[in-house]
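Residue indices begin at 1 and follow the sequence shown.
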Amino acid sequence: MASLANSVINLDSLREATRREFVGVLGSMNGKKALILDPQLIGPSDHIAEVPLLRENGVESIHKLTSEPPNTEFKNFLYLVRPRMELMRDIAAHILAHQQEGSSSSNRNYAVYFVPRRTLICERILEEMGVFGSLVLGEFNMNFIPFDDDILSMELENSFR
């Protein structure tokens with residue numbers, strides 16, 4: 001992670017504020033958990049929280065979100081995703097696959113945090129696929145991500161289209 005001590009603007013405080021909010025997201029789900037990341041958020045999240053911080057906050061495994069559910073026996077699953085329809089279908093497929101596994105899946109907990117905010121269409125897809133009541137929804141506002149002492153990223157891919 002880049003040192004921000006010599007930056008003209010205090011970017012370190014910006015990183016710390018985002019890190020505190022991220023720790024709050026991780027703390028929203030008690031116990032050991034699997035963190036499933038949107039592939040587009042893997043890089044930016046590395047600039048906010050390193051693996052030791054994730055471990056301190058109960059993250060035992062980290063997975064890239066794909067159409068296949070993660071092969072893990074954890075009962076807590078925390079998804080960090082952009083509000084995209086195809087990602088909602090993947091998450092719903094994971095939950096439905098766990099439900100089809102049998103009685104051991106009934107005590108699983110799911111939380112989906114949208115970066116930067118959730119949308120009605122994503123909620124509607126989760127509802128139509130029958131999993132809306134099986135999860136907790138939240139938002140993680142990852143606005144500015146300091147990459148170096150003079151580089152910030154907004155991580156809003158459609159902001160200039």
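- Atom CZ of residue Phe77 and atom CG of residue Leu135 lie 12.5 Å apart, to the nearest 0.5 angstrom.
- The shortest distance between side-chain heavy atoms of Pro70 and Ile36 falls below 4.5 Å.
- Under the 6.0 Å cut-off for aromatic ring centres, Tyr113 and Tyr79 do not qualify, their centroids lying 6.0 Å or more apart.
- With values rounded to the nearest 0.5 angstrom, Leu126 atom CG is found 6.5 Å from Leu137 atom CG.
- Counting only heavy atoms from C-beta outward, the side chains of Pro69 and His98 approach each other to under 4.5 Å.
- A distance-only check finds a donor-acceptor pair linking the side chain of Glu21 to the backbone of Asn141 [under 3.5 Å].
- Considering only heavy atoms from C-beta on, Ile91 comes within 4.5 Å of Val112 through its side chain.
- With a 4.5 Å cut-off on side-chain heavy atoms, Met88 and Val81 count as touching.
- Side chain of Arg19 to main chain of Ala49: no donor-acceptor pair is present (N/O by atom type, distance under 3.5 Å, no hydrogens or angles).
- For Tyr110 and His94, the ring centers sit 6.0 Å or farther from each other.
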Practice task
Test Phe22 against Phe140 for side chain to side chain contact (heavy atoms under 4.5 Å, CB included), laying out the working first.
Solution key: CA-CA 7 Å; Phe22 189 54; Phe140 174 51; 3.7 Å; yes
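- More than 12 heavy atoms of other residues, nucleotides or ligands lie within 6.0 Å of CD in Glu16, so this atom counts as buried by the packing criterion.
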Exercise for the section: Dump the intermediate steps for side chain to side chain contact (heavy atoms under 4.5 Å, CB included) on Ser61 and His63, then the final yes or no. Expected result: CA-CA 7 Å; Ser61 66; His63 304 271; 3.0 Å; yes
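- A continuous path of ILVMFWY side-chain contacts below 4.5 Å connects Val25 to Ile42, so both sit in one hydrophobic cluster.
- Between the Asp38 side chain and the Arg82 main chain, a donor and an acceptor come within less than 3.5 Å of each other.
- Under a cut-off of 6.0 angstrom, the local environment of CZ in Arg55 is crowded, with over 12 non-hydrogen atoms contributed by other residues, nucleotides or ligands.
- Heavy-atom minimum distance, Pro116 versus Glu139: O-CB, 3.9 Å.
- When side chains are defined from C-beta on, Leu26 counts as touching Val59, because their heavy atoms get closer than 4.5 Å.
- Proximity of Ser67 to Arg89: side-chain heavy atoms (C-beta onward) are nowhere separated by under 4.5 Å.
- In this structure, Met85 and Ile121 have side chains that are in contact, with non-hydrogen atoms separated by less than 4.5 Å.
- Within the model, atoms CD1 of Ile48 and CZ of Arg20 stand 12.5 Å from one another, a figure rounded to the nearest 0.5 Å.
- Between Glu101 and Arg108 there is a salt bridge, since a side-chain N of the basic residue sits under 4.0 Å from a carboxylate O of the acidic one.
- Note that OG1 of Thr66 is 11.0 Å distant from CG of Leu87, once rounded to the nearest 0.5 Å.
- In this structure, Met129 CE and Arg124 CZ are separated by 15.0 Å, a value rounded to the nearest 0.5 Å.
- The pair Arg118-Glu123 meets the salt-bridge criterion, since a charged nitrogen lies less than 4.0 angstrom from a carboxylate oxygen.
- Counting only heavy atoms from C-beta outward, the side chains of Lys33 and Glu60 never approach each other to under 4.5 Å.
- No continuous path of hydrophobic side-chain contacts links Phe74 to Leu65 [ILVMFWY only; heavy atoms under 4.5 Å].
- Judged purely by atom type and a 3.5 angstrom limit, Asn76 uses its side chain to pair as donor or acceptor with the backbone of Lys32.
- Note: the hydrophobic cluster containing Ile62 also contains Leu80 (ILVMFWY, side chain heavy atoms under 4.5 Å, direct or indirect links).
- Ser45 contributes atom OG, which lies 7.5 Å from atom CG of Leu35 (distance to the nearest 0.5 angstrom).
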